[in-house]
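One structure below.
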Amino acid sequence: MQPVDSTGATELQEPGLPLTRDTSPGTSEEPVADEAAGIPGSGWCWLCRSSCGSRVESGEGKKKASCPGLGLLYTLLSAFLFSVGSLFVKKVQDIHAVEISAFRCVFQMLVVAPCLIYRKSGFIGPKDQRIFLFLRGTVGSTAMILLYYAFQTISLADATVITFSCPVFTSIFAWIFLKEKYSLWDALFTTFTITGVVLIVRPPFLFGSNTAGMDESYSDHLKGTFASIGHAVFAALTIVILRKMGKSVDYFLTIWYYVVLGLIECVVVLFILGEWSLPHCGLDRLFLILIGMFGLAAQVFLTKAIRIEKAGLVALMRTMDVVFTFIFQIIFLKDVPTWWTVGGALCVVASTTGVAVRKLCVGSK
C-alpha cells in the first residue's frame with residue numbers, strides 16, 4: 001500500500017505493481033536500486049543454507065538471485081509491511097491524511113538527504129530532466145495523499161482493492177504517452193477492473209439504496225472510492241514519468257523531489273484546509289514514526305525483489321497485499337468485509353494476475 005514511492009518505489013508500487021509490455025517497473029524506476037536496497041554480493045544465504053551470490057543475466061542485464069525464491073520472499077515481506085503501514089494510517093486518530101503525508105515526507109527527507117550527499121548526486125538533477133523530476137514529485141506526492149485519505153475514509157479492504165487497478169491505468173497511459181501497444185487482452189483486464197470497482201462502489205443507479213456493510217455514510221464511501229481511483233491514476237502516471245526518464249537520473253534524486261515537493265504540497269493544502277495540528281496522543285506519534293519506517297522498509301524489500309526476480313512473479317506475489325489487508329481488517333479493526341468487497345477483490349486481483357501472467361508469457365518468448 002503506495003506508497004512507494006510509499007517512497008520512491010513504494011509510492012509507485014503501493015499497493016499494486018504496475019506492469020507494462022516492455023519493461024518491468026524496477027528496470028526504469030530504480031536505476032541505482034542496488035545501492036539503495038543494499039543488495040549483497042556473494043555470501044551465505046540463510047534461506048537455502050548455501051553460498052549464494054548474485055549473477056548478471058546477459059539477456060536482461062538484471063541481477064538474479066541464486067537462492068531460489070528469495071525475490072518472492074522479499075516481495076512477501078514488502079506486501080506485509082505495506083499492509084501494516086496502511087493499518088497504522090487507519091489507526092491514527094484526529095490527524096488529517098495530508099498531515100500524515102507531511103510527517104512521512106519529513107521522515108524520508110532525513111534519510112534521503114544524507115544518501116544524496118554521500119553519492120554526490122546533487123539536489124537539482126540534469127537540466128533536461130528537471131521538468132520530469134518536478135512532475136514526478138508533484139504527481140507522486142498527490143498519489144500518496146489520496147491513498148492516505150482513502151485509508152481514513154473507507155475500509156482498508158475497499159481502498160486496497162481499488163488501488164490495485166493501477167496496472168490497468170499504467171497500460172493505458174503507456175499506450176498514450178509511450179506509444180506502447182494496447183491489446184485486446186489489456187481491454188479485457190480493464191473490464192475486469194472496472195467490474196471490481198463497481199462491485200465495491202455499488203452505485204445507487206445499479207444497486208438501489210443498498211449500503212449494507214458500510215461503516216461510513218455513502219457520501220464518505222464515494223469520496224474514499226474516488227480517492228482510491230485517483231491514487232491509482234496518479235501512481236500510474238508516476239510510473240510512466242519514471243520510465244520516460246529512464247536511467248539518466250539517480251534513483252535517490254527522484255525520491256528527493258518526491259519528498260520535497262510532497263512536503264510543500266502538504267503544507268499548502270493544510271494551510272488552506274486549516275487542519276494542521278500536532279498529535280496529542282503518544283500512540284499517534286508512535287504510529288506516525290512507524291508509518292515512515294515501515295514504508296521505507298517495504299520499499300527496500302520491493303526494490304530488492306524487482307532487481308532479482310521476474311516482474312510478473314513479483315506482481316503475482318504483490319496480490320498478497322490484499323490478503324494481509326483483509327486479515328488485518330478483520331483481526332485489528334473488527335470489520336468483516338462484505339461479499340461485495342470480496343467479489344470486487346476477486347475481479348481486480350484476477351485482472352492484476354492476468355496482466356502479470358501475460359507479462360511472463362510474453363517475456364518467455
Residues two or more places apart in sequence or in another chain: which of them pass ring-ring contact (aromatic ring centres under 6.0 Å, His included) with [X]?
X      : result
Phe177 : none
Phe169 : none
Phe324 : Phe80
Phe226 : none

Do Ser183 and Arg358 have side-chain N/O donor and acceptor atoms under 3.5 Å apart?
->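 The criterion, which ignores hydrogens and geometry beyond distance, is satisfied for Arg358 and Ser183.
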Donor-acceptor pair, side chain of Lys334 and main chain of Ile331, under 3.5 angstrom =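 Side chain of Lys334 to backbone of Ile331: a pair is present.
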For [X], what residues pass the side chain to side chain donor-acceptor pair (under 3.5 Å) criterion, not counting sequence neighbours?
X      : answer
Ser351 : Thr193
Thr190 : Tyr182
Glu99  : none
Thr142 : Glu265

For [X], which residues count as a side chain to side chain contact (heavy atoms under 4.5 Å, CB included) partner, sequence neighbours excluded?
X      : answer
Val267 : Leu263
Leu72  : Glu309, Leu313, Met317
Ala157 : Ser155, Phe326, Gln329, Pro337, Thr341

Side-chain contact, heavy-atom cut-off 4.5 Å: Pro114 with Tyr118?
->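 Contact flag for Pro114/Tyr118 side chains = no.
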With a 4.5 Å heavy-atom cut-off, do Thr254 and Met245 have their side chains touching?
->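 Yes, side chains in contact.
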Flag yes if Leu146 and Phe151 sit in one hydrophobic cluster, no otherwise; membership is Ile, Leu, Val, Met, Phe, Trp, Tyr, and two members link when side-chain heavy atoms are under 4.5 Å apart.
->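 The answer is yes; both residues are in one hydrophobic cluster.
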Is it possible for you to say whether Ile95 and Phe294 belong to one hydrophobic cluster, with membership spreading through side-chain heavy-atom contacts below 4.5 Å?
->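 Same cluster.
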Output side-chain donor-acceptor pairs under 3.5 Å for residues 282-292, partner residues at least two apart or in another chain, one line each.
residue: Asp284; atom: OD1; partner: Gln93; partner atom: N; Å: 3.3
residue: Arg285; atom: NE; partner: Pro279; partner atom: O; Å: 3.1
residue: Arg285; atom: NH2; partner: Pro279; partner atom: O; Å: 3.2

Distance flag, aromatic centroids of Phe123 and Trp256, threshold under 6.0 Å =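 Yes.
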